[in-house]
Amino acid sequence: MGLKLHNTFTRTKEEFVPVEKGKVKFYMCGPTVYDYIHIGNARAFIAGDVLRRFMKYIGYDVTYVLNLTDIDDKIIQRSQKEGVSTESITEKFSKAFFEDIDTLGIEKADAYPRATEHVEEIIVLIKRLIGQASAYQVGGDVYYDVSKFANYGKLSGKNIDDLRAGARVAVDEKKRNPHDFALWKNQKPGEPAWESPWGMGRPGWHIECSAMSMKYLGESFDIHAGGQDLIFPHHENEIAQSEGATKQKFVKYWLHNGFLQIEGEKMAKSLGNFRTVREIVKIYPGRVLRLFFLQKHYRSPIDLTDQGLQAAASASARLKIFYDKLNKVLGTIGNIRKEIDPKTLSKSETKFFDSFEKMKSALTEAMSDDLNTPVAISVLFDMVRETNKLLSRDDLTENEKMLLVYSKKNFDDFNSFLGLIDSKEESVDSKMVDALVTLLIELRNELRAKKEWELSDKIRDQLNAMGVVLEDKGRETEWRLK
RNA sequence: GGCGGCGUAGCCAAGUGGCUAAGGCGGAGGUCUGCAAAACCUCUAUUCAUCGGUUCGAGUCCGAUCGCCGCCUCCA
């Protein structure tokens with residue numbers, strides 16, 4: 001079954017057919033680096049990350065580009081308020097952005113173009129639009145003439161007349177049409193500016209994405225993604241600019257993720273419930289946030305609640321405990337034949353193998369159905385349960401050991417795009433910690449042998465309070481971090 | 001006003017015409033354990049906001065009603 005994606009442009013689920021066979025050119029609208037990224041940004045970037053990784057997994061050669069908007073009103077405002085340069089603002093928050101997406105387990109994009117590094121390309125594109133009368137200059141400003149683009153409003157399902165009727169913002173008198181938008185903004189005192197044919201100024205917001213996406217991915221490419229709020233006007237305007245200039249289809253598939261609320265309320269700075277990623281990952285690690293988001297469909301609205309995050313944390317812990325245990329058991333098994341010959345399996349082994357094969361295809365199918373991660377994850381939990389049954393036994397047959405290897409292989413495959421287990425994590429246990437915990441376990445087991453339960457329980461409880469969990473298995477005791 | 005989305009168990013959430021309505025969290029009981037923990041097993045929606053309609057058959061399609069939410073100039 002092929003991959004299907006919901007295309008905002010057609011409002012339907014469509015079979016994904018790339019512009020160029022086997023390749024995917026994917027542009028994700030990145031952050032404006034004027035503040036720490038918030039939890040809503042995280043959702044969008046996680047969704048993009050999972051889709052990109054899944055496409056790789058099913059064999060596409062994916063080029064993933066995520067831009068950084070490093071010049072705009074909000075950045076200028078903040079720099080003026082703090083009395084520092086715009087560069088010091090954008091540098092600080094770009095760095096923070098990279099740190100944050102790293103804690104969320106998001107893979108590096110192939111390119112992170114910045115608007116200020118592409119002013120030249122932006123100017124070329126604007127000149128092209130002026131040259132064919134799609135844009136006009138008024139003083140030091142340049143506007144896009146919406147009336148010159150027949151399909152304006154197609155993506156967002158709006159028609160210009162309705163918009164005109166609903167316009168509630170004071171119209172800039174320099175514009176010919178109220179919905180014309182700025183491609184180039186004349187410099188105001190104290191603002192950063194670049195030289196251009198229209199004098200000193202800076203790019204409008206929308207034009208950077210057109211210029212940079214086309215530079216890195218070509219004039220016609222596969223996927224352009226972002227939050228639902230970007231549909232209008234941002235992406236609408238990008239289409240107008242790009243197709244107005246090239247006369248070609250700009251983007252084949254437009255993908256938009258749903259919005260997020262905080263405890264039932266819209267997230268807004270004015271409500272004081274703005275939650276940054278770095279604030280939340282202090283309490284819930286990146287893998288928990290990923291699971292929280294991926295247990296819902298990317299296009300649905302989400303309510304971020306503490307109860308919900310805690311549920312995700314429990315579920316995430318279950319996956320982690322499972323995975324660690326699987327690795328531990330496999331570590332004791334040693335080398336084993338990799339290939340499974342279904343003919344040599346016993347009845348119960350065959351049952352395990354067959355159900356796994358079914359689950360594998362169910363999982364891939366769910367992912368292929370417009371990234372149905374909730375279903376994919378439900379299958380993953382089914383796999384965990386089946387494998388746990390084997391893991392709890394200590395009289396494994398050779399075939400069953402092979403099945404465990406096979407289970408891990410599959411789990412790793414799925415984790416390669418879901419990213420629910422962070423192999424980089426751990427490492428909290430230094431040699432010293434390991435030695436100390438081992439010593440305590442030995443002492444406790446001596447006490448247990450003498451049936452001194454009170455003292456031995458005290459050791460276990462105190463360690464638990466410090467985040468070290470002890471698990472007794474007959475005479476052996478294992479430990480792990482909570 | 002225009003456009004769009006949603007309402008499924010205590011909570012979260014799949015399912016868009018047809019076997020017993022996925023999965024996670026939480027809860028109850030059980031197996032294992034000295035007791036735990038982890039894991040496993042059983043149970044936890046005769047019912048999908050409400051009311052009509054179409055159909056042999058509807059969370060699933062159509063209509064109405066109620067409730068919630070988003071976008072409509074720079075917030076993902």
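Because the structure is predicted, anything quoted here is derived from the model rather than measured. Worth knowing before you read on, the calculation uses all heavy atoms, side chains too, and leaves out hydrogens, waters and symmetry mates. Throughout, a chain's letter reflects where its sequence line sits, starting with A, and its residues are numbered from 1.
- No salt bridge links Asp394(A) with Lys473(A); every basic N to acidic carboxylate O contact stays at or beyond 4.0 Å.
- Straight-line distance between the C1' atoms of rC25(B) and rG18(B): roughly 31 Å, to the nearest whole Å.
- Listed candidates were rC25(B), rC74(B), rA22(B). Nearest to the side chain of Val375(A) is rA22(B).
- Atom C1' of rC69(B) sits at a distance of 22 Å from the matching atom of rC74(B), rounded to the whole Å.
- Remark: P of rC11(B) and CG of Asp306(A) are 17 Å apart, rounded to the nearest angstrom.
- Taking the six-membered ring for Trp and thresholds of 30 and 60 degrees, Phe353(A) and Tyr406(A) have ring planes inclined between 30 and 60 degrees apart.
- Counting only distance, with no hydrogens or angles, the side chain of Asn41(A) and the backbone of His38(A) share a donor-acceptor pair below 3.5 Å.
- When the C1' atom is compared between rC6(B) and rA13(B), the two are found 13 Å apart, to the nearest whole Å.
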What N/O pairs connect the protein and nucleotides 30-37 of chain B at under 3.5 Å? Give each pair on its own line.
from, atom 1, to, atom 2, distance (Å)
rG34(B), O6, Arg444(A), NH2, 3.4
rG34(B), O6, Arg448(A), NE, 3.2
rG34(B), N1, Asp457(A), OD1, 3.0
rG34(B), N2, Asp457(A), OD2, 2.9
rC35(B), O2, Arg460(A), NH2, 2.7
rC35(B), N3, Arg460(A), NH1, 2.8
rC35(B), N3, Arg460(A), NH2, 3.1
rC35(B), N4, Arg460(A), NH1, 3.3
rC35(B), N4, Asp472(A), OD2, 3.0
rA36(B), N6, Asp472(A), N, 3.4
rA36(B), N6, Asp472(A), O, 2.9
rA36(B), N1, Asp472(A), N, 3.0
rA36(B), N3, Arg460(A), NH1, 2.8

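- The aromatic rings of Phe417(A) and Phe414(A) stand perpendicular to each other, their planes meeting at an angle above 60°, with 30° marking the opposite boundary.
- Contacts of Ser300(A) with the nucleic acid, taken as non-hydrogen atoms under 4.0 Å apart, involve only primed sugar atoms and P, OP1 or OP2.
- Across all strands, Gly204(A) comes closer than 4.0 Å to no nucleic acid atom at all (heavy-atom distances).
- Side-chain atoms of Asp229(A) lie closest to rA76(B) of the nucleotides rA39(B), rG24(B), rA76(B).
- For the pair Phe381(A) and rG24(B), the ring geometry does not qualify as stacking, because the centroid separation below 5.5 Å and plane angle under 30° are not jointly satisfied.
- When the P atom of rG5(B) is taken as reference, atom CZ of Arg299(A) falls 10 Å away, rounded to whole Å.
- Remark: P of rA38(B) and NZ of Lys482(A) are 10 Å apart, rounded to the nearest angstrom.
- Rounded to whole Å, atom C1' of rG23(B) lies 14 Å from atom CG of Leu418(A).
- As a whole-Å value, the separation of Glu238(A) CD from rA76(B) P is 13 Å.
- Relative to the side chain of Lys266(A), the nucleotides rC25(B), rC74(B), rC71(B) differ in distance, and rC71(B) lies closest.
- For the atom pair CD (Gln295(A)) and OG1 (Thr373(A)), the distance works out to 9.0 Å, reported to the nearest 0.5 Å.
- Heavy atoms of Asp303(A) sit nowhere under 4.0 angstrom from any nucleic acid atom.
- With both ends at atom C1', the span from rA14(B) to rC48(B) equals 13 Å, rounded to whole Å.
- Searching all strands for a Watson-Crick or G-U wobble partner of rC66(B) with both distances below 3.5 Å returns rG7(B).
- Here the OH-CG distance, from Tyr323(A) to Asn327(A), works out to 5.0 Å after rounding to the nearest 0.5 Å.
- Here the nucleotide nearest the side chain of Ser378(A), chosen from rA14(B), rA39(B), rA22(B), is rA22(B).
- With rU73(B), rA76(B), rC25(B) as the candidates, the nucleotide lying closest to the side chain of Pro233(A) is rU73(B).
- Within the 4.0 Å cut-off from OP1 or OP2 of rG5(B), not a single side-chain nitrogen or oxygen of Arg11(A) is found.
- Toward the 5' end of RNA chain B, the nearer of the two residues His297(A) and Asp73(A), judged by each one's closest nucleotide, is His297(A).
- Residue Gln261(A) is in sugar-phosphate contact alone, with no base atom involved, counting any heavy-atom pair closer than 4.0 Å across all strands shown.
- Phosphate contact (OP1/OP2 of rA76(B), side-chain N/O of Asn41(A), threshold under 4.0 Å): present.
- We find that Lys185(A) and Glu191(A) are not joined by a salt bridge, their nearest charged nitrogen and carboxylate oxygen being 4.0 Å or further apart.
- Closest-nucleotide positions on RNA chain B for Leu230(A) and Phe181(A) were compared, and the one nearer the 5' end corresponds to Phe181(A).
- Syn is the conformation of rG59(B), whose glycosidic angle sits no further than 90° from 0.
- Separating the P atom of rU20(B) from that of rG59(B) is a span of 13 Å, rounded to the nearest Å.
- In summary, the aromatic rings of Tyr144(A) and Tyr136(A) are positioned with their centroids too far apart to meet the 6.0 Å limit.
- The side chain of Asn372(A) contributes an N or O atom lying less than 4.0 Å from OP1 or OP2 of rG15(B).
- Closest contact between the side chain of Ser314(A) and the listed nucleotides rA39(B), rC25(B), rC75(B) involves rC25(B).
- Between rU44(B) and rC71(B), the two P atoms lie 41 Å apart (nearest whole Å).
- The local environment of NZ in Lys188(A) is sparse, with at most 12 non-hydrogen atoms from other residues, nucleotides or ligands closer than 6.0 Å.
- Residue contacts shown for Asp382(A) are limited to sugar-phosphate atoms, with no base heavy atom under 4.0 Å away.
- Checking rG2(B), rA22(B), rG24(B) against the side-chain heavy atoms of Lys158(A) singles out rG2(B) as nearest.
- In this entry rU42(B) has rA28(B) as its Watson-Crick or G-U wobble partner, both defining distances falling under 3.5 Å.
- Classification of the Tyr27(A)-His224(A) ring pair by plane angle, with boundaries at 30° and 60°, yields tilted.
- OP1 or OP2 of rC40(B) sits under 4.0 Å from a side-chain N or O of Asn388(A).
- When the C1' atom is compared between rU42(B) and rG52(B), the two are found 41 Å apart, to the nearest whole Å.
- The environment of CZ in Arg11(A) is crowded: more than 12 heavy-atom neighbours from other residues, nucleotides or ligands sit within 6.0 Å.
- Distances from the side chain of Pro374(A) to the nucleotides rC75(B), rA13(B), rC25(B) place rA13(B) closest.
- Residue contacts shown for Lys13(A) are absent, as no nucleic acid heavy atom lies under 4.0 Å away.
- No engagement by Leu380(A) is indicated, since no non-hydrogen atom pair under 4.0 Å with the nucleic acid exists.
- Gly226(A) comes within contact range of the sugar-phosphate backbone alone, with a heavy-atom separation under 4.0 Å but no base atom that close.
- Searching all strands for a Watson-Crick or G-U wobble partner of rG1(B) with both distances below 3.5 Å returns rC72(B).
- Arg43(A) has no side-chain polar atom (N or O) that falls below the 4.0 Å cut-off from OP1 or OP2 of rC75(B).
- Taking only side-chain atoms of Lys296(A), from C-beta outward, the nucleotide of rA39(B), rA13(B), rC74(B) with the closest atom is rA13(B).
- Nucleotides rA37(B) and rA49(B) have their C1' atoms positioned 42 Å apart, rounded to a whole Å.
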